[in-house]
Every structure is written in C-alpha cells, then in structure tokens.
Amino acid sequence: MRHYSGSLNGQPWDGYVVERPDDLEPFRAWVRRQAESRTPVAVDTETCGLKIYAWGPGFLRMAQFGNETDAFALPIERGSVYTEAAAWALRILPDITGHNWAGFDALVSDEHLGVSIEETCAKATDTQILAKLIDPRQKMEGGTGSGLKDLSAVYIDPAAPDTQDGLKAVFKSLKLKIAEGFAKIPLDHPIYQEYGLLDVILTSRLRPRLERTLEKLGVPKRLSVYEHRVARICAQMVRVGMVLDEDYTVNLQADLAYDADRFAELAAGHGVTSVNSPRQVTEALLGMGEDFILPGRSAPERTDSGALKADKAVLQFMADLDRDWKPIRSRKPNPLADAVLRSKRAGKWRSAYADNFLSNVDAGGRIHANVQSMQARTFRMSVTNPAVQTLPSGDKMIRRALLADEGHVMISTDFQAVEMRVLAALADVKRMKVAIAAGEDLHSFTARLVFGDNFTDKDRKVAKGIGFSKVFGGGAATTARQTGAPIEAVQRAMAKYDQVYPEVGRAAKDWRIEAFNNRMVAVSITGHRLPLDRDRTYAVTNYLVQSTARDCLGQSLVTMDDAGLVPFLRLPIHDEVLASAPKSDAQDVAREIQRCMTFNLRGVPIEAEAEIGLRSWGSLYGADY
DNA sequence: CGGCTCACG
DNA sequence: ACGTACGTGAGCCGG
C-alpha cells in the first residue's frame, strides 16, 4: 500500500493506493465503517479518455473512494480482483458523492464495473449539479466554473492544486499528448495517484459546503432532487445510444470527401489554396471585383474585427443562390464563391458528422453521444461526441446515418411553439393566452393584431420575426435583417406589437428590477438561478423563457420516467424528444410520449405533436428509409 | 488560443 | 440616456 498525505485549508488528509490483493483488506474495512456510519463517500474514476463505449476493455484504469480526510485508490487495470472490490464498495455504500456523476462516472461504473446507473444514481449526490444550481455560468462567462479545481479554490482552499492542469503538465514532461496522456501515463506515477486521491477528498469536502450555500440562497431542495433525476434519465439515454448505419456512413464519408476535394480544386484555380481561410477567400473575391455589399445594404459586410466578411450569406449571394441553394438569377454567379461554399460544406459535414460518428461507434455498432443535462447558463442540455443536437435539418443526408433499433421506428415529438407559450405564461400576456387556448396559430394571430385582418404571408413572417425577437431581446435592426423587411416597417410593427401585448415589455422591466435587487440573479419559477451580465440585462427575458422552456422538457422527461417510457428515449433536443420503438408499438408509444409532453403552465397549455418515421432519423425529414 | 464560420433549437 | 437578438459544439486558420 502506498501512502500519500497532505493538507488543505489546514485540514490534513491521508490517501492509500492499493498495490497488492492483500492491500484490499484495509480498504474493505474502511468501506464497511463508512457504510455503517452512513458517511457520504466520494467516488471518482480515472479512465483512458472520454469514449466510455467506443474504447473497449481496459478503459477504466483506477477507481478512488474517499471521505473528507481519507481516500483509497484501486488499480482497476491490474486485475479483476480490484474491479470486483470497487464494484462491491459501490454497491454497499449507502451514500455516495460524485462530481459530474450522472454525466460520466455513473456511465463508467455501469459499463466497466457492472454497477448500474439506476443503482448508483439512486444514492448519489452530484457536486457539479449542486454547483450549477448556485451559479450555472462557466468561468469564461464570469461564473465560478463547474470544474473541481475552480470550485475547490472558492469553497475549500484557494491553494488547492489544479489536478487537471497538473496532470497535463506531467503528460507534457512524459512527451505525451493530452489526448493520449490519460491512457498512457503509468498507473504508479506519483502525481497521477496523488491527484486521483485528492479529487475524492476535494469532492467530499465540497458537498457540505455547496449544500449549505444552496440552503442559504433559498434554493428549493426539490429542485436539486429534480435535477438529479433529469441527469439520471439523460444518463440512461446515453447508455442505450443509437444505432449507426456504418455502411451508409462510410460511403457518405467518401462521397463528402470527394466533393470537398473536387470543389477545393476549383477554388485553387482561382488562387484559393485553403477554402477555410477567410483571408484567402476575401482577397481572391476582391480581386474578382466583388464589393461584399448585399442587396438592400449600403456598406460591405464585415466581421466584428472589421475584416470583410465571406460567410455563407455573402457567398450565397455572390453565387446567385438562395438560402435553399437554388439559383435566383439576380446576378452572374461567381464560380469561386460557389466552389468555396460547396467545398466548405462537404468538408465540414464530413469531419464534424461522418468522421465523428465513425470515431464514436462502439463494438455493437451504436453511438452514445454524451448528454450534459444542465450545461448552458439557462440549464439547457448539450450533447457532444458527436453533437447530434446540431445535425443539418434541411438535408436528410446526415440524419439518415442514425437508425432506430432493429425492428424499431423513429418517433420525434416536438413541443408546439414552446418558447412563445412560455412567454405568454410567464408574462401573463392576456391576448396571447386567449389565442393559444383557442388553438390559433400564434404568428398569424399576432399578424392580424399588428397588420389587420388582411395581413399577408410577408406580414406573418414579420410577426413571427418580432415574436422571436422579443424572446431574444432583439431590436428593430436585427429583426429587419432577419426577416428581410425594411427597418421602418419593422419599427412600426414592433411599436404596434408593444401596444397589443403590453404585458411583455412590462414584465421584462419588472424582471430586470427583480434581478437587480437580487444581486443580478433572476430566479425562474422552478427556482433556477439565472445570473445576468451587468451590460446585457435585457437578456433576462430570454434567460427566463429559455430556462423555463428547458424545464418543460425536464418535467416531461420526469413524467415519461414515471410512465416507464425512458427505455424508448434516445435524445433530448431542446423542444423535441427522439425515441425508438418497436414498429408494432409505435402508435402507443408516440401517444404516450405526447401525453407526457402535454400539460398546463400557469393557465397556458403546453402541447406536443409526435411524428412516426421509418427506421432512420432521416426518414422524418422526407427520406425513404 | 482567439477569431471566424457554421450546424442546431 | 439609450439600445443591445439568446443558448450551444466543432473545425480550421494563423499567430
């Protein structure tokens, strides 16, 4: 047994690394004592990386257990006797703490220790969830951050070592890249061991401090219970994953690579050797006489830093294409703009989607995209590796690669205009509530109020744009740019909107004042704390609406859990839930999901509509498979 | 690693 | 005093 010790904030700690099977005896005795006294024990795992499912056996290297003063580390990769001891401890301990437990370690334990997500999550407290309930912002945004290091510095000891950064420095000294360091650093490296032990000591000490802070801030306990449950449901979705059509994806990858190369060669003929270099592209286009002025605008388009802008909108205009890539015959198409556009799209779709799918597939042909259930500052979820919340929706090509299970079909269930309804509910917008209750199309209803009974399709578009704009906190200029309508008309329409829905502006003002009186933190109706940036307090409307809409999804997931529907769920996508169900049960499952996503929010009906597709996700976007 | 671009809701 | 479009993940370039 190797011994480490140290001190944090004047409080000593001791850590022990199990080296031989005999060393497991003191570990077991310690675990029994913790279990008997029902002392919370922090658990952490060290792995070869983040690909829990695609890596294969040997992924889990070390497992650590610790309370506020004592910790043990087990060398899982040294043999099954250690795996079994870790699994036993995880099962017998009545109260565990993890940092990002449901987001990572619960999945690792489930897959590599054989202790299920359901079993551990039922008794786990996640310090990352607690921390986000105090402040959801990342460090970049002015928050505490949700990493163990940042939280420890604030809540435990400013001098607590940065174990992540420390490890990266070790990797560097061993001439290992960061990505391979976690897999290749020798298990008996003293810093690897010491930091592994420290992580559970820190997590243990963090928990009571975070719990006290939450209590002091008046954050309801039920909110924490709810978030732990949502996190567990998301973990269950990650575990089941989705089937990847590998043959299709390999072909897709080749086709996209071919297209990217072909159009890159065309661009090279105009002197652009790298289509992803905005500098090269703008220079070449300038040389061809392009002025970068879009129709209806007087000045060239520029980026924030003042350079000429050659983004998709600009290039599509130059290539004489509309937003759907159809020729508009308004000018002579610029062949370079066209080639750059197509090469970039094919290249991005190949690398961000096709490559990513194939590098994340497990031995059983499934991908398990990671869901962080409260990632955004509004608590919206995010999905990574691969980012399947952001697959192209205008073209079925990419979504076609993801399949329902064998014998299943895909079901997609969307909330209907959920953010508009949430706004109506939160701001108590009388006329909107009447329209929603009557089942009217909200944007047409608004268009009628703003433009009169004879409103046109164009007017409806403007009304829709203003609706979004109000939810985002936007002004006339951006709304005009988005809708393509002249700014004067948009200004008039926005003034009229404020007249017909006076509650929206009034509520926004009240929310800003409330937040101001609460140290710049808005509190949603579920109790989520939403910190505002001092210079962007107008964002309060968006934060409250976006966060409450997110809780509509969260509440629906909990209801679906009660209804036993979680095994069918595959992916949350903000206002949509993707599911896979046996063909013969699809109607029933779809109806049940729809029911769970239908409820009343402060007198406003929140409603959802399910769509049943074929086997591939792409089939819901008009494909034939 | 910041800037830019682009994919989604 | 005034007005401000919101939230993500990912890849590439160039310093």
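All chains are named by letter (A, B, ...) in the order of the sequence lines, taking the proteins before the strands, and each is independently numbered beginning at 1.
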Note to self: Any N or O donor-acceptor pair under 3.5 Å from the base of dC6(B) to the side chain of Lys312(A)?
What the structure shows: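 It does not, because no donor-acceptor pair links the side chain of Lys312(A) to the base of dC6(B) below 3.5 Å.
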Sugar-phosphate only, base, or nothing, as touched by [X] at under 4.0 Å among non-hydrogen atoms:
{"X": "Gly394(A)", "answer": "sugar-phosphate"}
{"X": "Thr541(A)", "answer": "nothing"}
{"X": "Lys470(A)", "answer": "nothing"}
{"X": "Val388(A)", "answer": "nothing"}
{"X": "Ser393(A)", "answer": "sugar-phosphate"}
{"X": "Arg380(A)", "answer": "base"}
{"X": "Arg137(A)", "answer": "nothing"}
{"X": "Arg512(A)", "answer": "base"}
{"X": "Arg377(A)", "answer": "sugar-phosphate"}
{"X": "Ala549(A)", "answer": "nothing"}
{"X": "Leu391(A)", "answer": "sugar-phosphate"}
{"X": "Asn385(A)", "answer": "sugar-phosphate"}
{"X": "Gln375(A)", "answer": "sugar-phosphate"}
{"X": "Gln546(A)", "answer": "base"}

Checklist line | Nearest heavy-atom neighbours spanning Pro572(A) and Met237(A) | finding: CD-SD, 3.9 Å
Checklist line | Nearest-angstrom distance, P atom, dA5(C) to dG9(B) | finding: 22 Å
What is the separation between atom [atom1] on [X] and atom [atom2] on [N], rounded to the nearest whole Å?
{"X": "Met140(A)", "N": "dC1(B)", "atom1": "CE", "atom2": "C1'", "answer": "10 Å"}
{"X": "Leu423(A)", "N": "dG9(B)", "atom1": "CG", "atom2": "C1'", "answer": "17 Å"}
{"X": "Tyr353(A)", "N": "dC8(B)", "atom1": "OH", "atom2": "P", "answer": "6 Å"}
{"X": "Arg399(A)", "N": "dC8(B)", "atom1": "CZ", "atom2": "P", "answer": "7 Å"}
{"X": "His574(A)", "N": "dA7(B)", "atom1": "NE2", "atom2": "C1'", "answer": "11 Å"}
{"X": "Asp304(A)", "N": "dT5(B)", "atom1": "CG", "atom2": "P", "answer": "9 Å"}
{"X": "Leu620(A)", "N": "dC8(B)", "atom1": "CG", "atom2": "P", "answer": "16 Å"}
{"X": "Met597(A)", "N": "dG9(B)", "atom1": "CE", "atom2": "C1'", "answer": "13 Å"}

Note to self: Quick check for you: name the first and last nucleotides of DNA chain C, 5' to 3', having an atom under 4.0 Å from a heavy atom of chain A.
What the structure shows: dT4(C) to dG14(C)
Notebook entry, point to check: Is there a side-chain contact between Phe379(A) and Leu530(A) (heavy atoms, below 4.5 Å)?
Noted result: yes
Check: Heavy atoms, side chains only, cut-off 4.5 Å: are Val422(A) and Cys552(A) in contact?
Finding: yes
Next item on the list: Any chance you could measure Thr273(A), atom OG1, to Asn276(A), atom CG, to the nearest 0.5 Å?
Entry: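 Between Thr273(A) OG1 and Asn276(A) CG, I get 11.0 Å after rounding to 0.5 Å.
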Next item on the list: Quick one: pull up CZ in Arg536(A) and CG in Asn542(A) and give me the separation to the nearest 0.5 Å.
Entry: 9.0 Å
Note to self: Could you tell me the Watson-Crick or G-U partner of dC13(C), where both distances fall under 3.5 Å? Say none if there is no partner.
What the structure shows: dG2(B)
Item checked: Nucleotide opposite dA7(B) in a Watson-Crick or G-U pair, distances under 3.5 Å ->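 dT8(C) - that is the nucleotide pairing with dA7(B), both distances being under 3.5 Å.
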Establish, for the pair [X] and [Y], whether the NZ or CZ atom is under 6.0 angstrom from the six-membered ring centre and no further than 45 degrees off its axis.
{"X": "Arg570(A)", "Y": "Trp617(A)", "value": "no"}
{"X": "Arg345(A)", "Y": "Trp349(A)", "value": "yes"}
{"X": "Arg366(A)", "Y": "Tyr53(A)", "value": "no"}

Notebook entry, point to check: Arg350(A) or Gln138(A): which one's nearest nucleotide on DNA chain C is closer to the 5' end?
Noted result: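 Between the two, 5'-proximity favours Gln138(A).
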Checklist line | Asp338(A) vs Arg342(A), salt bridge (charged side-chain N to carboxylate O under 4.0 Å, His left out): CA-CA, chis, key distance, verdict | finding: CA-CA 6 Å; Asp338(A) 190 83; Arg342(A) 292 177 197 278; 2.9 Å; yes
